[in-house]
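Numbers here simply count residues along the sequence, with the first being 1. Just so it is clear, the model here is predicted, and its values are computed rather than measured. Heavy atoms only: backbone and side chains are in, while hydrogens, waters and symmetry mates are out.
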Amino acid sequence: MTRQKIQIKKIDNIAARQVTFSKRRRGLFKKAHELATLCDADIALIVFSASGKLFDYSSSSMLELLRRHNMLPELNNFSQPPSQLEKSAYVKLTEEFAAKTKELRHMKGEELQGLGIEELKQLEKLLEIGLNRVIETKDEKFLKEIGAVKEKEALLMEENQRLRNKIETLNGDQQEQQAVAVVGGNSLGSKSNTSNSSSSTNPNSQDYDDISLKLGL
């Protein structure tokens, strides 16, 4: 079967739109990485989602690539110069990207000298919130692992108890077999003693009969 051609238009379903955005964005970044690796090209890629979330990829330093782009604006002027709206949008994106990069560095504890007391307090609050989320997630994973270990321990204890019961049953059967063998040996011995006593008694009775006949009794 041939692949159906997808009609290029806005996806109305929000969930399907988000899934498609995530898949196509990863594919776009992958192709950019392959192009940069295979052709030794410097690539900078900036994507904003519908909610305004920033995604970016760069084969080297993003800021350096943006500086190079600003220094050579004629590279983007293939047929006509950009409109004022395009210029303002580009400036806005550049400023927003720089702000996000600076915020990320602050989150990493870098370049904090220029921040004031209130900004540092706000950053500390954000870091505490993030740390609490990390701790909660870690505790949840620990609890899941502990539960799995306890469940495995219970299964092993059940298996050990089953093996003990089996061993006790086998030992009981062996003891019963030994007891039957001992009882059987004692019965054979008593029978042989009875036959010996009867055989020893019979000759005396015959001698007594012979003596009686000779005496005329």
Side-chain angles (χ1 to χ4, degrees), residues 3-142:
R3 296 179 59 184
Q4 296 182 356
K5 187 176 180 180
I6 299 176
Q7 186 178 3
I8 303 301
K9 66 176 184 178
K10 181 180 178 181
I11 301 174
D12 296 330
N13 186 281
I14 298 177
R17 189 192 309 162
Q18 291 177 349
V19 172
T20 303
F21 173 78
S22 179
K23 290 182 179 179
R24 294 298 180 94
R25 174 178 52 81
R26 288 197 298 266
L28 183 62
F29 285 178
K30 182 179 178 181
K31 291 296 183 182
H33 174 70
E34 292 176 354
L35 179 61
T37 303
L38 295 174
C39 302
D40 194 20
D42 291 332
I43 298 176
L45 185 59
I46 299 175
V47 179
F48 283 94
S49 66
S51 60
K53 189 175 181 179
L54 172 65
F55 301 91
D56 64 273
Y57 167 80
S58 62
S59 58
S60 57
S61 173
M62 176 66 76
L63 294 177
E64 181 63 26
L65 293 177
L66 290 176
R67 290 193 191 98
R68 289 172 59 185
H69 180 273
N70 293 333
M71 291 173 62
L72 299 173
E74 64 274 8
L75 293 177
N76 294 329
N77 302 333
F78 297 105
S79 58
Q80 58 183 0
S83 62
Q84 187 65 28
L85 181 61
E86 292 175 345
K87 289 181 179 180
S88 61
Y90 172 76
V91 172
K92 183 179 179 181
L93 291 176
T94 305
E95 292 176 353
E96 186 173 354
F97 177 77
K100 293 293 184 181
T101 304
K102 187 176 181 180
E103 182 180 353
L104 180 59
R105 290 178 178 176
H106 291 165
M107 296 291 288
K108 293 180 178 180
E110 301 174 357
E111 301 180 1
L112 301 178
Q113 292 79 7
L115 298 179
I117 299 298
E118 294 298 327
E119 293 176 336
L120 290 173
K121 287 182 179 179
Q122 185 177 2
L123 178 61
E124 182 181 9
K125 186 177 180 180
L126 291 175
L127 291 175
E128 287 178 354
I129 294 173
L131 180 61
N132 291 332
R133 290 178 181 175
V134 171
I135 292 174
E136 290 177 359
T137 305
K138 182 186 68 175
D139 292 341
E140 289 178 359
K141 290 187 178 294
F142 277 152

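- Among residues two or more places apart in sequence or in another chain, the side-chain contact (heavy atoms from CB on, under 4.5 Å) test is passed with Arg105 by Leu63, Thr101, Glu110, Glu111.
- Annotation: the span from Arg26 atom CZ to Phe21 atom CZ amounts to 10.5 Å, rounded to 0.5 Å.
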N/O donor-acceptor pairs under 3.5 Å from side chains in residues 30-37, not counting sequence neighbours:
unit_1: His33; atom_1: ND1; unit_2: Tyr57; atom_2: OH; d: 3.2
unit_1: Thr37; atom_1: OG1; unit_2: His33; atom_2: O; d: 2.9

- Message: Apply salt bridge (Lys or Arg N to Asp or Glu O under 4.0 Å) to residues Lys92 and Glu95 and explain how you reach the verdict.
- Response: CA-CA 5 Å; Lys92 183 179 179 181; Glu95 292 176 353; over 6 Å; no
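- Partners of Phe48 by ring pair (Phe, Tyr, Trp, His ring centres under 6.0 Å), not counting sequence neighbours: none found.
- Counting heavy atoms from C-beta outward, Leu45 and Leu28 have side chains that approach closer than 4.5 Å.
- The OH atom of Tyr90 lies 5.5 Å from the CG atom of Leu66; values are rounded to the nearest 0.5 Å.
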Extract all donor-acceptor atom pairs below 3.5 Å that involve side chains of residues 134-142 and protein atoms in other chains or at least two apart in sequence.
unit_1: Thr137; atom_1: OG1; unit_2: Arg133; atom_2: O; d: 2.9

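- Looking at every heavy atom in both residues, Ser60 comes nearest to Ser58 through O-OG, 2.7 Å.
- We find that Lys100 and Asp56 are not joined by a salt bridge, their nearest charged nitrogen and carboxylate oxygen being 4.0 Å or further apart.
- Counted within 6.0 Å of CG on Asn132, heavy atoms from surrounding residues, nucleotides or ligands total more than 12; the atom is thus considered enclosed.
- Of the inter-residue distances, the one linking Glu118 atom CD with Lys121 atom NZ reads 5.0 Å to the nearest 0.5 angstrom.
- In Asp12, the CG atom is not crowded: 12 or fewer heavy atoms of neighbouring residues, nucleotides or ligands sit closer than 6.0 Å.
- Annotation: Arg17, atom CZ; neighbour count of heavy atoms from other residues, nucleotides and ligands within 6.0 Å is above 12.
- Of all heavy-atom pairs spanning Met62 and Ala44, the tightest one is SD-CB, 3.6 Å.
- In terms of heavy atoms, Asp42 sits closest to Ser59 at CA-OG, 3.2 Å.
- For the ring pair (Phe, Tyr, Trp, His ring centres under 6.0 Å) test, no residue two or more places apart in sequence or in another chain qualifies with Phe29.
- Remark: Glu103 CD to Glu96 CD distance equals 10.5 Å, nearest 0.5 Å.
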Atom pairs and distances, donor-acceptor, side-chain atoms in residues 122-131, under 3.5 Å, two or more places apart:
none

